[in-house]
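Here is the structure we will look at.
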Amino acid sequence: MPRPFDVTAVEKKWQARWFDEGTYEVDNDDAREHFYALCMYPYPSGSAHQGHIRNYTFGDLVVRYQTMRGKAVLSPFGFDSFGLPAENAAIKAGSHPRVFTEARMAELKSSVLRLGAVFDWRREVYSHDPKYMKWAQAIFLAFFEAGLAYRAEAPVNWCPGCATVLANEQVLADGTCERSGDLVQRRNLEQWFFKITDYAEELLHDVDALEWPERVKTMQRNWIGRSEGVEFDLPLEVDRGRALRVFTTRPDTGFGVTYAVVAPEHPMLDVLVTDDERAAVTRLVERATQTSELERTASSDAGSGLEKRGAFTGSFVVNPFTQESVPVYVADYVLGNYGTGAIMAVPAEDERDFAFAKAHGLKIVRTIEPPEGFTEGAYSGEGAHINSGFLNGLDVASAKAAATTFLEEHANGVTKVNYRLRDWLVSRQRFWGCPIPIVYCDVHGIVPVPVEQLPVVAPDDVVMDKSGQSPLATHEGFRNTTCPVCGEPARRETDTMDTFTDSSWYFLRYADPFSEDKAFDPVQAAKWMPVDQYIGGIEHAILHLLYARFYVKALIDIGWAPGLEREPFRRLFTQGMIRLDGSKMSKSKGNLVAPEGYFDTVGADALRLFHLFVGPPADDVDWTNQTDEVIDGCARFLDRVYRLSHYDECFFHDQKNAEDDEVLREVHRTILKVTEGLERWSYNTAVAALMELLNTLSKWARRPEGAHRATLDDSLDLLLRLLAPMAPHLTAEMWEERHPGERGVHASAWPEADPAMVTRASVVMVVQIDAKVRARLDVPPEISEADATRVALAAPEIVATLGGATPQRVVARPPRLVNIIP
RNA sequence: GCCCGGGUGGCGGAAUGGCAGACGCGGAGGACUCAAAAUCCUUUGCUCGAGAGGGCGUGCGGGUUCGAGUCCCGCCCCGGGCACCA
């Protein structure tokens, strides 16, 4: 496609200028109003894919737009540079992950530069930078000292493919690893955890006030999973001094408890099992603890196999409501690490209990009257209580309250809040991550590495082999050290931290990357935080955002960040995904459409414009065989802007007339449309408004009668300023041509619409009969209801259609429409 | 199963309860050209009609309203998230 200008030369020129001159460097003490714009910390997977391009197109638009609005905009860049893909690639190539990673970083950086995205490059941060690692480790130690990091043995998710432990968050619903797809196994290992559960309530509560997509807020709430209920005792039948403690959210159904269930991991199981049942229970427990999470959860469909997934323990407990003895079962549908690991079972009102009761022939007693027509199964809805002694006749809410009081008085009951959220397992048995700065001494136990010895950096002379085991674990020089307390030989921790820890505080380092003696200066950080606009993919809706929120709250609480707001990301925008052939575009799927080809041909501005124009920014984009044509269309639009700014085929007249004035009014209306579009993330309509304006201008200036020259010049300048955040290279170039020696378009102020210029001289009013359009009339925009009615009824088409009859009713909504009901 | 989104021309999409389809892609016709590309102009929801003009149209069925793509009720379909959390 021949272009009227040299796209590549223009883009290179401006990219070099922005980079070399540090145009978008910004000081913490800048006197202008501060604005922190941030795109999510990218993993350096190589040159950018269209998802990155989309992200940085939006981010750069925000940066340039807010700058033109007179703000000091912090726009930093860096790399989430630790992670498994680099390690796997290094194993394959027999090289070091750093070599691989830094090559990928250079590629990604080149892509964002070629996109024309602007950053304060002095603030660049990357996770495997020892300067960053030092403080990542210092934070770990501070958490450790504050009791927020602890070591515990726990059943963990072990992925055989990745040869590492995974966080709950990295295990998919079907029990497979999110990365490798392998079936995750359960193992008991000593691991490091962060006590994120201490913050469950605050993390849940603070979600409400965030200006985030509702969808993301809901996901966060669901993930935290708060549930209120009662914990109480079910005394053992044989020894009423001992009891099985259970948690329930439905104390009101207590009269319907016909059995109890403990998890296979329950500590009291040994006491509960009688000799007769021991063999069967042992078999079940072994199966439950050794089989994968998948098998344990898979059979939820219609409760199949339930008879094999539970066994009678031989013991009985006493239902405090009925004083009846009920059997205790062990079953794998009860989880050991939630609540008390034991439940009261109410088959009539709980689906799972119902299925289990059916499978084992257990008694079912309804305690809530199901509605008319309800036939079979558990009923968990509203209704009046029956078969429930003192609760009879009460609705669910009142019965809950009464039952809770009863349990408090008779069964050591306490109201209790449980969360689905678990502590964050941060240990990873991998090499390419930030080492956990801990030493194990035979005498002194767990000893933190002194801060002055940080960072603990992995050695370079490692052999990345195919065993899958971290080379740190077997590297004698790394592993063997001395105890910081006593100086005797000791072992280093060889696990590294989950890479989500790196992305949990990078935005704080961006705000102050200059401090050498601390992770960030809280006074400097507070000058930018919280992030005013965070932009990233929906795939981080739970993990990254939850962890980063936790980090900030914890850092404030341990005294590292006084004065910071407790939520790091005030506004979040989640962009849609790019899909090719219906599936998400990602490197692992090999379905990337590299942007480099577009940079070389249509140019970055056209590609940016495409991403803005193709649809609502939050929606997914289907990359189809029509896409290249749409991108060409965007390039065509830019060409037309260029030609018009060179008065290509234009004619002029000297005296400004009414038509010229109306065109300028159209420009001012466009200012409103574009500004509104940018403010409410409607970039596609903002671009459309500019296209419409160009159509108007070019039609007007190319008529033989011509256009008023000064009016065209004013219009062009306004158009270029509105287009500047979207297509920065071309607008910068044209502005320089039109205003040599003056400051650039991006340094000029965002246009303000003149209120006197946005109204039209006349507008088209629609006249309907019975809601069908019968006439269109030119009327003044301020026409009154009476006048509107009068001119409507006088219109020839209306007179003809009505045929002299008096209308029953006239609805006038001046100046848009009049509807006549005959 | 539960919780969110979303169903509008051939396609991407637009529309504070007020002219459905802005803008773009694609298509058709034309101008320029020896020719093509590029560019420019016209046209383009479906349908009946030679035409003027008419009818029908926002997943389906109801409702509210002078007026519904938009609000309410009940369905269907697609996408995403969660899913033994007691």
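Naming convention: chains lettered A, B, ... in sequence-line order (proteins, then strands); numbering from 1 in each chain. Since the model is a prediction, treat every value here as computed from it, not as a measurement.
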To the nearest angstrom, how far is [X] atom [atom1] from [N] atom [atom2]?
X        : N      : atom1 : atom2 : result
A:Lys772 : B:rG54 : NZ    : P     : 11 Å
A:Glu349 : B:rA86 : CD    : P     : 16 Å
A:Tyr379 : B:rG1  : OH    : C1'   : 17 Å
A:Asp632 : B:rU39 : CG    : P     : 9 Å
A:Asp628 : B:rG26 : CG    : P     : 11 Å
A:Arg221 : B:rC3  : CZ    : C1'   : 12 Å
A:Tyr333 : B:rG1  : OH    : P     : 21 Å
A:Ile538 : B:rC82 : CD1   : C1'   : 13 Å

| task | Ignoring hydrogens and angles, answer whether the base of B:rC66 and the side-chain atoms of A:Arg809 contain a donor-acceptor pair closer than 3.5 Å. | result | no

| task | Tell whether A:Arg813 reaches the base of B:rG18 with its side chain through a donor-acceptor pair below 3.5 angstrom. | result | yes

For a quick check of understanding: with a heavy-atom distance under 4.0 Å over all strands, which category does [X] fall into, base, sugar-phosphate or nothing?
X        : answer
A:Arg702 : sugar-phosphate
A:Ala771 : sugar-phosphate
A:Glu351 : nothing
A:Arg680 : sugar-phosphate
A:Ile821 : sugar-phosphate
A:Val614 : sugar-phosphate
A:Glu629 : sugar-phosphate

If the cut-off is 4.0 Å, is [X] near the phosphate of [N], judged by side-chain N/O to OP1 or OP2?
X        : N      : value
A:Arg420 : B:rA83 : yes
A:Ser227 : B:rA86 : yes
A:Arg643 : B:rC40 : yes
A:Asn222 : B:rC2  : no
A:Tyr338 : B:rA86 : yes
A:Arg816 : B:rG18 : no
A:Arg640 : B:rC40 : yes

| field | Any A:Tyr598 side-chain heavy atom under 4.5 Å of A:Asp628 side chain | value | yes

If you check the [X] side chain, which of [options] turns out closest?
X        : options                : value
A:Asn695 : B:rC23, B:rG18, B:rA14 : B:rC23
A:Pro616 : B:rG79, B:rG13, B:rC23 : B:rG13
A:Val630 : B:rG81, B:rC25, B:rC4  : B:rC25
A:Val773 : B:rA86, B:rC19, B:rG13 : B:rC19
A:Lys699 : B:rA22, B:rA86, B:rC41 : B:rC41
A:Ile542 : B:rC19, B:rC82, B:rA86 : B:rC82

Taking [M] as the reference, what is the distance to [N] when you measure between their [atom1] atoms (whole Å, please)?
N      : M      : atom1 : result
B:rG7  : B:rU58 : P     : 14 Å
B:rC75 : B:rA15 : C1'   : 27 Å
B:rU39 : B:rG49 : P     : 38 Å
B:rG26 : B:rG13 : C1'   : 14 Å
B:rC23 : B:rC40 : P     : 15 Å
B:rC2  : B:rG24 : P     : 45 Å
B:rG10 : B:rU44 : C1'   : 11 Å
B:rG81 : B:rC11 : P     : 26 Å

| task | Using the six-membered ring wherever Trp is involved, compare the ring planes of A:Tyr329 and A:Tyr259 and label them parallel, tilted or perpendicular (cut-offs 30° and 60°). | result |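 Aromatic pair A:Tyr329/A:Tyr259 classed perpendicular.
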
| request: Please work out which of the three classes, parallel, tilted or perpendicular, describes the rings of A:His540 and A:His544, given edges at 30° and 60°. | output: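 If you compare the ring of A:His544 with that of A:His540, the planes turn out perpendicular.
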
| If you pin A:Glu649 and A:Gly339 to their nearest nucleotides in RNA chain B, which one's is more 5'? |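 The 5'-side residue here is A:Glu649.
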
| How do A:Met219 and A:Val811 order along RNA chain B: which one's closest nucleotide is nearer the 5' end? |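 Closer to the 5' end of RNA chain B: A:Val811.
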
So what's [N] paired with, Watson-Crick or G-U wobble, going by both distances under 3.5 Å?
N      : result
B:rG45 : B:rC56
B:rU33 : none
B:rC71 : B:rG63
B:rC2  : B:rG81

| Candidate pair A:Gln768 and A:Leu817, rule side-chain contact (heavy atoms from CB on, under 4.5 Å), full reasoning | CA-CA 7 Å; A:Gln768 300 177 326; A:Leu817 135 162; 3.4 Å; yes

| request: Could you give me the CA-CA distance, side-chain angles and deciding distance for A:Glu676 and A:Lys673, then say whether salt bridge (Lys or Arg N to Asp or Glu O under 4.0 Å) is met? | output: CA-CA 5 Å; A:Glu676 193 201 308; A:Lys673 281 192 222 168; over 6 Å; no

| Do we see a donor-acceptor contact under 3.5 Å between the side chains of A:Arg640 and A:Asn695? |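 There is such a pair between these side chains.
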
| Criterion side chain to side chain donor-acceptor pair (under 3.5 Å) on A:Asp648 and A:Tyr642, from CA distance to verdict | CA-CA 9 Å; A:Asp648 208 27; A:Tyr642 182 89; over 6 Å; no

| task | Can you measure from OG (A:Ser380) to CG (A:Asp353) and round to the nearest 0.5 angstrom? | result | 11.5 Å

| Looking at the angle O4'-C1'-N9-C4 for a purine or O4'-C1'-N1-C2 for a pyrimidine, is B:rG63 syn or anti, with syn meaning within 90° of 0? |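 It is anti.
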
| query | Has A:Arg579 got its NZ or CZ under 6.0 Å from the middle of the six-membered ring of A:Trp623, at an angle within 45 degrees of the ring axis? | reply |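 No, A:Arg579 and A:Trp623 do not form such a contact.
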
